[in-house]
Amino acid sequence: MTSSYIPAPAGDSDGYDPAAIESKWRERWQTRGTNKVDIAGGERPFYALMMFPYPSAEGLHVGNLFAFTGNDIYGRFQRQQGHTVFEPLGYDAFGIHSENYALKVGEHPMRLIPKNIANFRRQLERAGLMVDWSKSLDTTAPDYYKWTQWVFLQLYQRGLAYKKKAAVNWCPSCKTVLANEQVIAGACERCGTLVEQRLLEQWFFRISDYAGRLLDNLDTLDWSDTTRTAQRNWIGRSEGARVVFRVTSGEEITVFTTRPDTIFGATYLVLAPEHPLVDALTTDAQRADVSAYRDRATKQDLVSRKSTREKSGVLTGARAINPATGDEIPIWIADYVLMEYGTGAIMAVPGHDERDFDFATVFGLPIVRVVAAPDEGVDTLLAAAFTEDAGGHLVNSRQFDGLAVAEAKQAVTTWLAGQGAATAVTNYRLHDWCISRQRYWGPPIPVIYCDACGPQPVPERDLPVVLPDIPDFRPDDSGVSPLARHAEWFHVACPACGGAGRRETDVSDTFLDSAWYFLRYPSVGDDRVPFDSSITKKWLPVNSYIGGNEHAVLHLLYSRFITMVLHDMGHLAFEEPFTRFRAHGLIIREGAKMSKSKGNVVNPDAFIDQWGADAFRTYLMFLGPYEEGGDFRDAGISGVRRFLERLWLAAELASTDGEPDPAVLRKLHQTIAKVSHDIPRLSYNTAIAAMMEYMNVLRKGERTPHRSEVEPVVQLVAAFAPHIAEELWERFGHEASVFDSGWPAFDAELARDESVQLAVQVNGKLRGTLTVAREIPQEEALALALAEPGIAKHLTGPTRKVIFVPGRLLNLVV
RNA sequence: GCGCGGGUGGCGAAAUGGUAGACGCGGGGGACUUAAAAUCCCCUUCGGGCAACCGAAUGCGGGUUCGAGUCCCGCCCCGCGCACCA
């Protein structure tokens, strides 16, 4: 028997030529349909999803490739485990990024985006991803956003979409609403202009109705802990009570507090300046001060208002009764109380809340101690707010004196509830999702306004509401979307009465585009429904989702929310879209985040030209732990390239004469075990290191490897370096793709070392190592150790204790 | 301020509580070669020593343990996220 691969004659050696084999296999995969997925019939479906990119004009970023390659390896590995793997990729191409860039370069986004996408596609194909391009999608295509609009209508029908006037961050330069996270230190994250506050009518989704479920379900998900923690913090559940304070003039003020136990120390109330009761409560004497203060507060942008720590406020002149003490206390307004959290009103307990303490100090308000630590008395002076609750007990609280804080929270709430003054409630920090954008480049929100019928949803049969191709899409300062200027689009018949109607001119947030795209991929091409029910049943929920932690909160939370709503409406059988999620790390270069301004951006095309896609992929995965990212240093890639060259050479030289070396086989099986263990954990760097180690053994002293020592490594390396693996696999005489060849069999017998290095310690310090049989008993190991002069000389006294870890270590305590 | 990561050779990094530094880069030396490249071999944490060897060492200080990079307590530094959330 001879190898089916006949080496080229010496002098005309056909060495490793990545450019040639990579383009060969790109074509071969295409013609053979290697990456095409049998959506309807494929067995053991496995959905390996990665977060889709925004196709920027600069082209693919190394960070994108790092992320995609990590997912691709996982997907290819699952395919080699016998799954039908679906690894789709599409484009998240709507949004303010594209629109601003289009304005900057003076080209219409409808022309610009297809160019960007074509460039992205070219770069992605070079990277050798196992993507089924027939199932790609683009959020800006009408046949996609038709269904984004359908999703909106579902929420609308369910009563989960509503309009309200809301104070929003407004960037006067970008002429748009900004989310809080887009405002950095009071300025627009994009252009640096100081942000103002505006009141606009906006569409919201009632995600806060789902806060409890979104929080509770987190416990059941196989997700990165950091991501789950981030979501928990974002949802921000807190247990407390709503307490009603009666105003002496008759009104009632409801406050939210997490410390009902401290109510005996509530010496004043504070309302947010925007609180609806302020007008009614304010006395004539205070009216001028109050309205001046409110004017000042509303002019300030939301972020700098929140970041100012100095306390300010004014008296309303009204007084309320503390339901616990019966005392009259003053009512203030102050901007440290936020209208959007809780009830927009608080009971101030300066003795036990830092902010209230600061405020009371500034305005000379009474500070009463109602909680004391074990070593403190009723009258121990409060130099600062005492906010610890563990170990504290109540004082100055009448019948509750002496109760521990935790019990008092319950007891006080129950007592107040008995008088109708309180209810125990759970409050969430999560607020409703504003989806309106006063911009052009997004899916129009499918609503028509009619003077006779009011707002009407666009009937499903009329979807999509196509975004018109208009030359002037520049936003202006009116706060109204550019679409309003396009008369023949704007004016439309009312779907209810047929009379004159006007279209909603806001478009929706890009987060809505991406909150359901994973549902669409398997059903791409189906124009009857957004997602086919039997296909969805087969492929979803997503088995593995990989993406950046920058989307840990919003994108993942919104996707979960939309999925949950569609589940509740009977469209989906599951309520959590991503069974497993792992956040990948960030690639940095020379210790700094890659950015154009720092000039340290790596151009993937240039690297692939020079080193080949296989080396580039493998190097990216070798940089560091996938979930932590790594430092991209140009010099490092040579080691990975050398590894592939050595693999190539080993395959070229492999012979079928004689028998494989048992020592090499042992290392091979140890390597199979290591790689099989590491890939599912995304521990790609150590899997590569293990294969490199094996290559060192295989080629030790320029030995000629046996074919059976090389062939399995081709399968192991395939997920990392797919082109070279296919080429070598073919040269070994296989007709089918290496990705349909399965996974090398692991033999524990062959992998077992018969002798091991036993560490010998004296008092925990290493004093020597013994090469011994693996199963050596303690007595024999001890005897061998004592016979070793280098060890014996450290035994300065009688042995008091012997610790023996079989096969690993012997520790003698003297 | 709060939350989440992280701190290990010249560098990127490995290490179920059990020989710290695997693997790779860089560096040094050697073999092969007329020479170079490629390939292969050896060395490369620091200090001391001709050497066998000895000592120190995983941000700092304590602790638990026969044994700690790993677990516990208290700090310092770096990155990311959130930030008057009652």
Side-chain angles (χ1 to χ4, degrees), chain A residues 15 180-181 224-230 232-234 236 238 240 255-259 262 270 303 305-311 334-338 340-349 353-356 358-359 427-431 549-550 552-553 583 585-586 588 590-593 619 622-625 627-640 642-643 645-646 649 683 685-696 699-703 757-769 790 793 800-805 807-814:
Chain A
N180 281 342
E181 53 278 3
S224 301
D225 281 334
T226 53
T227 311
R228 290 198 296 177
T229 306
R232 279 192 194 103
N233 293 342
W234 187 263
S238 50
V255 304
F256 172 71
T257 178
T258 56
R259 294 297 303 276
T262 61
V270 189
V303 171
R305 169 173 160 184
K306 285 186 182 180
S307 55
T308 315
R309 298 275 137 169
E310 298 85 61
K311 295 290 177 286
D335 65 5
Y336 82 94
V337 174
L338 308 173
E340 70 259 26
Y341 185 77
T343 61
I346 62 157
M347 64 176 208
V349 185
D353 180 282
E354 281 169 23
R355 298 149 299 178
D356 298 342
D358 292 346
F359 189 84
N427 198 56
Y428 297 94
R429 185 190 161 280
L430 180 70
H431 46 256
N549 233 345
E550 68 272 19
V553 175
L586 201 69
I588 57 172
E590 285 127 27
K593 200 168 156 175
Y619 178 55
F622 187 61
L623 289 178
E627 290 176 79
E628 283 165 37
D631 200 342
F632 190 98
R633 289 164 317 117
D634 299 9
I637 194 171
S638 63
V640 166
R642 201 144 33 225
F643 163 69
E645 306 247 16
R646 273 150 53 93
L649 193 64
S683 189
N685 56 332
T686 55
I688 295 164
M691 290 187 283
M692 287 174 164
E693 268 187 71
Y694 178 62
M695 200 53 61
N696 291 341
R699 291 287 294 132
K700 182 90 176 170
E702 298 187 298
R703 71 183 280 280
Q757 295 284 105
L758 188 75
V760 183
Q761 297 179 337
V762 177
N763 289 340
K765 268 186 190 277
L766 184 73
R767 294 302 181 185
T769 55
K793 75 177 178 190
R800 289 192 295 135
K801 197 170 173 185
V802 177
I803 287 109
F804 182 67
V805 183
R808 303 226 51 159
L809 145 154
L810 180 69
N811 187 11
L812 308 172
V813 186
V814 297

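Residue numbers start from 1 in every chain, and the chains themselves are labelled A, B, ... in the order their sequence lines are given, proteins ahead of strands. Predicted, not measured: the structure shown is a model, and the values here were computed from it. Hydrogens, waters and symmetry mates play no part in the numbers below; they use all other heavy atoms, side chains included.
Looking at the side chain of A/T257, the nearest of the listed nucleotides B/C4, B/A86, B/G18 is B/A86. Side-chain proximity of A/A689 to the nucleotides B/A86, B/A22, B/U19 is greatest for B/A22. Closest to the side chain of A/L766, out of B/U19, B/A86, B/C66, is B/U19. The side chain of A/T226 approaches B/G5 more closely than any other nucleotide in the set B/G5, B/G18, B/C84. Listed nucleotides B/C25, B/C54, B/U19 differ in distance to A/R767; the shortest reach to its side chain belongs to B/C54. The listed nucleotides are B/A86, B/C54, B/C82; the one nearest the side chain of A/W234 is B/C82.
A/L623 comes within 4.0 angstrom of sugar-phosphate atoms only, judged by non-hydrogen atoms across all strands, and of no base. Within the nucleic acid shown, A/S238 comes within 4.0 Å of sugar-phosphate atoms alone, with no base atom in reach, counting heavy atoms only. Counting any heavy atom pair closer than 4.0 Å across all strands shown, A/N811 reaches a base atom. Using a 4.0 Å heavy-atom cutoff across all strands shown, A/T258 reaches sugar-phosphate atoms only and no base atom.
Across all strands shown, B/C4 forms a Watson-Crick or G-U wobble pair, both distances under 3.5 Å, with B/G79. For B/U39, the paired base is B/A31 (Watson-Crick or G-U wobble, both distances below 3.5 Å). Pairing partner, B/G47: B/C54, with both Watson-Crick or wobble hydrogen-bond distances short of 3.5 Å. Base pairing analysis places B/U19 opposite nothing; no Watson-Crick or G-U wobble pair with both distances below 3.5 Å involves it.
Taking atom P on both B/G29 and B/U16, the two are 37 Å apart, rounded to the nearest angstrom. Taking atom C1' in both B/C78 and B/G59, one finds a spacing of 11 Å when rounded to whole Å. For the P atoms, the distance from B/C80 to B/G62 is 32 Å, rounded to whole Å. B/A51 and B/G6 have their P atoms separated by 41 Å, with the value rounded to a whole Å. For the P atoms, the distance from B/G21 to B/U58 is 14 Å, rounded to whole Å. Spacing between B/A68 and B/C23 at atom C1', rounded to whole Å, works out to 24 Å. A gap of 37 Å separates the P atoms of B/C85 and B/G61, to the nearest Å. When the P atom is compared between B/G28 and B/U34, the two are found 25 Å apart, to the nearest whole Å.
Remark: A/T262 OG1 to A/D353 CG distance equals 8.5 Å, nearest 0.5 Å. The structure places CZ of A/F643 at 8.0 Å from CD1 of A/I688, a figure rounded to the nearest 0.5 Å. With rounding to the nearest 0.5 angstrom, the CZ atom of A/R642 is 12.0 Å from the CD1 atom of A/I637.
Straight-line distance from the CZ atom of A/F359 to the P atom of B/C84: 17 Å, rounded to whole Å. Between A/E693 atom CD and B/A15 atom C1' the separation is 12 Å, expressed in whole Å. As a whole-Å value, the separation of A/E628 CD from B/C4 C1' is 13 Å. If you take CZ of A/R429 and C1' of B/C84, they are 12 Å apart, rounded to a whole angstrom. One interatomic measurement links the two molecules: CG of A/L586 to C1' of B/G81, which rounds to 13 Å at whole-angstrom precision. Straight-line distance from the CZ atom of A/R228 to the C1' atom of B/G5: 16 Å, rounded to whole Å. Between the CD1 atom of A/I688 and the P atom of B/C25 there is a distance of 13 Å, given to the nearest Å. A/R808 has its CZ atom 7 Å from the P atom of B/G18, to the nearest Å.
The phosphate of B/A14 has OP1 or OP2 within less than 4.0 Å of a side-chain N or O from A/N685. For B/C66, the OP1/OP2 oxygens have no side-chain nitrogen or oxygen of A/R800 closer than 4.0 Å. Side-chain N/O atoms of A/T686 include none lying less than 4.0 angstrom from OP1 or OP2 on B/A22.
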What is the per-nucleotide protein-contact pattern of nucleotides 36-43 of chain B, from the 5' end, where B denotes a base atom under 4.0 Å from a protein heavy atom, S denotes such proximity for sugar-phosphate atoms only, and - denotes neither?
---SSSS-

Dump the intermediate steps for side chain to side chain donor-acceptor pair (under 3.5 Å) on A/R646 and A/N696, then the final yes or no.
CA-CA 9 Å; A/R646 273 150 53 93; A/N696 291 341; 2.3 Å; yes

Stepwise, does the side chain to side chain contact (heavy atoms under 4.5 Å, CB included) test hold for A/K801 with A/N811?
CA-CA 8 Å; A/K801 197 170 173 185; A/N811 187 11; over 6 Å; no

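RNA chain B is contacted by both A/M692 and A/V805; A/V805 maps to the nucleotide lying nearer its 5′ end (nearest heavy atom per residue). RNA chain B is contacted by both A/K765 and A/A230; A/K765 maps to the nucleotide lying nearer its 5′ end (nearest heavy atom per residue).
Note: A/F256 and A/Y341 have perpendicular aromatic rings, judged against thresholds of 30 and 60 degrees for the angle between ring planes.
For A/R808 (side chain) and A/A759 (main-chain N/O), no donor-acceptor pair under 3.5 Å exists by modelled atom type.
Under the 90° criterion around 0 for the glycosidic angle, B/G26 counts as anti.
Counting heavy atoms of neighbouring residues, nucleotides and ligands inside a 6.0 Å radius, atom CD of A/E354 does not exceed 12 of them.
A salt bridge links A/D225 with A/R228: the closest approach of a Lys/Arg side-chain nitrogen to an acidic carboxylate oxygen falls below 4.0 angstrom.
Of all the heavy atoms in A/L758 and A/L809, the pair that sits closest is CD1-N, 3.3 Å.
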